[in-house]
Number of protein chains: 2
Amino acid sequence: MRESDFDVVRQLPLFCDMDRAHFDALLAAAHLQRLPKSTNLIHEGDLPDFLHIVVEGAVELFAESHGRETTIDILRPVTTFILAAVIRDEVYLKSARTLTQSRILMIPAKAVRDAFGRDAAFARAIVGELAIRYRSIVRVLKDHKLRTGVERLANWILTSEQEQGGRGRVVLSYDKRTLSARLGMSPEHLSRNLTHLAQNGVVGNGREIVITDRGALQRYAKADPLIDG
Amino acid sequence: MRESDFDVVRQLPLFCDMDRAHFDALLAAAHLQRLPKSTNLIHEGDLPDFLHIVVEGAVELFAESHGRETTIDILRPVTTFILAAVIRDEVYLKSARTLTQSRILMIPAKAVRDAFGRDAAFARAIVGELAIRYRSIVRVLKDHKLRTGVERLANWILTSEQEQGGRGRVVLSYDKRTLSARLGMSPEHLSRNLTHLAQNGVVGNGREIVITDRGALQRYAKADPLIDG
DNA sequence: CGTGGGGTTGATACAGTTCAAGATACGTGG
DNA sequence: CCACGTATCTTGAACTGTATCAACCCCACG
């Protein structure tokens with residue numbers, strides 16, 4: 001593992017307060033893997049072997065049941081995932097795959113649980129991390145139950161635009177098929193919804209989406225800080 | 001607070017390992033309130049004053065946005081709620097109200113955060129509790145995104161029947177209106193779905209639902225341990 | 001009794017999916 | 001650099017799941 005990556009991980013809220021020796025032990029047991037696009041990382045129903053951390057790239061969390069599949073969330077660096085399963089040593093409830101080439105840090109689950117039992121600062125940091133994850137999934141749930149597809153899209157455009165610097169345009173970092181899954185709609189519906197938003201200040205053009213009338217879009221989206229964060 | 005209630009709380013996984021003195025301090029600052037049906041306990045957007053615990057009765061977690069409302073979960077004793085907001089000292093993302101007359105233990109948020117900082121065993125117990133809550137909401141999300149309304153109903157009947165002793169019948173402890181909200185459908189739709197299930201081994205009769213053909217119902221429901229727990 | 005709330009039933013409308021076909025962009029080999 | 005084949009994206013039409021509105025029923029309760 002590169003020195004710079006080591007530092008990035010060390011500075012994560014999850015690790016920055018823990019005892020140096022415990023941290024070193026944790027990372028000594030860990031692997032940093034560079035993985036190609038569309039690699040399956042974990043599969044729901046399995047018992048956790050590793051705590052995963054997206055260091056670079058993008059990871060999709062999804063779930064299947066009887067032939068149906070749904071995207072739960074898309075994670076960007078630097079984020080832990082399946083922490084709850086590791087802590088409880090219970091089966092994963094979701095699966096994960098890379099969406100782009102990614103670098104994933106994998107820390108053996110047992111090492112995490114050991115450090116958790118031994119290092120109080122680490123235990124407290126895990127609480128913070130879990131609470132963040134919990135609140136994040138509550139937002140996802142509200143987004144899906146309180147909004148229609150077009151509204152989710154409108155709000156996604158607004159928040160993505162902010163993340164990308166507020167220049168009035170959003171560039172997709174994955175294909176529209178994936179975006180439609182992330183927004184919980186079929187690819188066809190995303191396409192239609194995008195044309196529908198043309199009347200509300202948005203123009204789509206390939207992988208670029210341009211906001212032509214932010215006021216109109218905001219009025220239409222009805223953003224809610226308790227959903228969009 | 002009654003002696004027996006004190007013991008019940010002390011024995012919760014969240015508290016049983018913590019230092020006796022810290023526990024006493026926590027409870028000294030707490031109130032146990034008996035509240036009538038339909039009392040609002042917390043409102044989304046407010047900052048947390050108390051950690052709440054359902055000791056008796058039933059509590060509905062719900063959320064609103066721009067005139068729409070959705071039920072997130074229904075909690076039965078003994079369960080904590082809004083722990084994540086208390087720990088992070090951030091606004092509630094959901095609201096809560098009693099569904100029946102209930103007894104709710106309220107522990108001042110500051111006292112919880114103090115104990116959390118001072119008592120490592122308590123911090124670890126909070127991790128366990130948060131991980132359970134997290135996994136529970138993932139199941140709720142999967143239930144809604146991977147199933148139709150009728151399927152949710154069928155699975156709800158099966159798990160409720162197990163909880164009520166596996167005697168082939170389920171008795172509702174709240175009205176159908178509330179159940180329909182819990183299942184994420186309109187009251188009309190619940191009614192229709194229930195008659196639809198008549199062909200699949202279920203007979204509804206007022207507040208009682210009887211399973212006449214468990215095999216047929218199970219086949220229809222396609223239960224999934226990664227959703228129903 | 002009458003009144004009202006919860007529940008059912010019917011008719012209609014909307015959101016979203018699916019299937020099928022056409023359009024557009026995109027990387028590869030010639 | 002172009003032609004081709006494949007991916008992805010869009011468009012259209014039919015269909016499923018669910019919501020909404022309205023009428024009605026039933027029973028509990030004043």
Side-chain angles (χ1 to χ4, degrees), chain A residues 36-38 64-71 99-101 143-156 170-200 202-210 220-222, chain B residues 37-38 60 64-71 99-100 143-156 170-200 202-209 220-222:
Chain A
K37 191 179 159 173
S38 303
E64 294 169 285
S65 188
H66 296 99
R68 293 173 203 155
E69 178 180 314
T70 188
T71 297
L99 284 180
T100 61
Q101 176 176 297
D143 194 34
H144 275 83
K145 291 190 74 181
L146 291 169
R147 285 176 171 159
T148 65
V150 211
E151 288 168 349
R152 283 198 297 281
L153 173 59
N155 282 289
W156 180 87
V170 176
V171 180
L172 302 185
S173 50
Y174 29 75
D175 59 21
K176 283 193 177 149
R177 191 168 214 83
T178 307
L179 175 61
S180 73
R182 151 67 234 265
L183 292 171
M185 62 185 74
S186 64
E188 294 93 328
H189 214 74
L190 172 58
S191 183
R192 286 184 238 273
N193 283 337
L194 217 35
T195 56
H196 178 82
L197 281 185
Q199 298 145 27
N200 296 279
V202 171
V203 176
N205 191 332
R207 282 210 177 184
E208 185 185 55
I209 297 173
V210 178
Y220 187 88
K222 291 179 291 193
Chain B
K37 188 179 162 176
S38 303
E60 178 185 14
E64 295 167 285
S65 187
H66 296 99
R68 293 173 203 156
E69 179 180 312
T70 188
T71 297
L99 284 179
T100 61
D143 194 34
H144 275 83
K145 290 189 74 180
L146 291 169
R147 286 175 171 159
T148 66
V150 211
E151 288 169 347
R152 283 199 297 281
L153 173 59
N155 282 290
W156 180 87
V170 177
V171 179
L172 302 185
S173 51
Y174 30 75
D175 60 20
K176 283 190 178 154
R177 193 166 213 84
T178 307
L179 176 61
S180 73
R182 151 69 235 263
L183 292 172
M185 64 184 74
S186 63
E188 295 93 325
H189 214 75
L190 172 59
S191 182
R192 285 183 240 272
N193 283 336
L194 216 35
T195 57
H196 179 81
L197 281 184
Q199 300 146 26
N200 296 280
V202 171
V203 175
N205 192 330
R207 281 210 178 183
E208 185 185 55
I209 296 173
Y220 186 88
K222 292 179 291 194

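Below, chain A is the first sequence line, B the second, and so on; all start at residue 1.
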What is the distance, rounded to the nearest whole Å, between atom [atom1] of [X] and atom [atom2] of [N]?
{"X": "B:Arg207", "N": "D:dC27", "atom1": "CZ", "atom2": "C1'", "answer": "14 Å"}
{"X": "B:His189", "N": "C:dA13", "atom1": "NE2", "atom2": "C1'", "answer": "14 Å"}
{"X": "A:Leu183", "N": "C:dA15", "atom1": "CG", "atom2": "P", "answer": "17 Å"}
{"X": "A:Asn193", "N": "D:dC9", "atom1": "CG", "atom2": "P", "answer": "15 Å"}
{"X": "B:Arg147", "N": "D:dT18", "atom1": "CZ", "atom2": "P", "answer": "13 Å"}
{"X": "A:Leu194", "N": "D:dT8", "atom1": "CG", "atom2": "C1'", "answer": "14 Å"}
{"X": "B:His196", "N": "C:dT9", "atom1": "NE2", "atom2": "P", "answer": "15 Å"}
{"X": "A:Lys37", "N": "D:dA7", "atom1": "NZ", "atom2": "C1'", "answer": "10 Å"}

Practice item. For the residue pair B:Lys37 and B:Tyr174, establish whether any side-chain heavy-atom pair is separated by less than 4.5 Å. Key: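 A side-chain contact is absent here, since even the closest heavy-atom pair is not under 4.5 Å.
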Glycosidic torsion of D:dA7 (syn if within 90° of 0, anti otherwise) classifies it as syn
Counting heavy atoms from C-beta on, name the nucleotide in [options] closest to the side chain of [X].
{"X": "B:Met185", "options": "D:dA19, D:dC21, C:dT17", "result": "D:dA19"}
{"X": "A:Thr148", "options": "D:dT18, C:dG7, C:dA15", "result": "C:dA15"}
{"X": "B:Val150", "options": "D:dT18, C:dT17, D:dT20", "result": "D:dT18"}
{"X": "B:Asp175", "options": "D:dT11, C:dG6, D:dT20", "result": "C:dG6"}
{"X": "A:Thr195", "options": "C:dG16, D:dC9, D:dT11", "result": "D:dT11"}
{"X": "A:Glu188", "options": "C:dT18, C:dT9, D:dC9", "result": "C:dT18"}
{"X": "B:Arg177", "options": "C:dG7, D:dT18, D:dT11", "result": "C:dG7"}

With respect to the phosphate group of D:dA7, does any side-chain polar atom (N or O) of A:Lys176 fall under 4.0 Å of OP1 or OP2?
no
Residues passing the side chain to side chain donor-acceptor pair (under 3.5 Å) test with A:Glu188, sequence neighbours excluded, are none
Check whether any side-chain N or O of B:Arg152 sits under 3.5 Å from a backbone N or O of B:Leu183 as a donor-acceptor pair, and report yes or no. yes
Query raised in the report: Are the side chain of A:Glu208 and the backbone of A:Asn205 linked by a donor-acceptor contact shorter than 3.5 Å?
Result: no
**Asked** Checking only heavy atoms, does the side chain of B:Arg192 share a donor-acceptor pair with the base of C:dG10 at less than 3.5 Å?
**Response** yes
Discussion item. According to side-chain hydrogen bond (donor to acceptor under 3.5 Å, both in side chains), does anything in residues 176-186 of chain B pair up with another residue at least two apart or in another chain? List the pairs.
Written reply: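 Sorted result for residues 176-186 of chain B: B:Asp175-B:Thr178.
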For C:dA25, the nucleotide meeting Watson-Crick or G-U wobble distances (both under 3.5 Å) is D:dT6
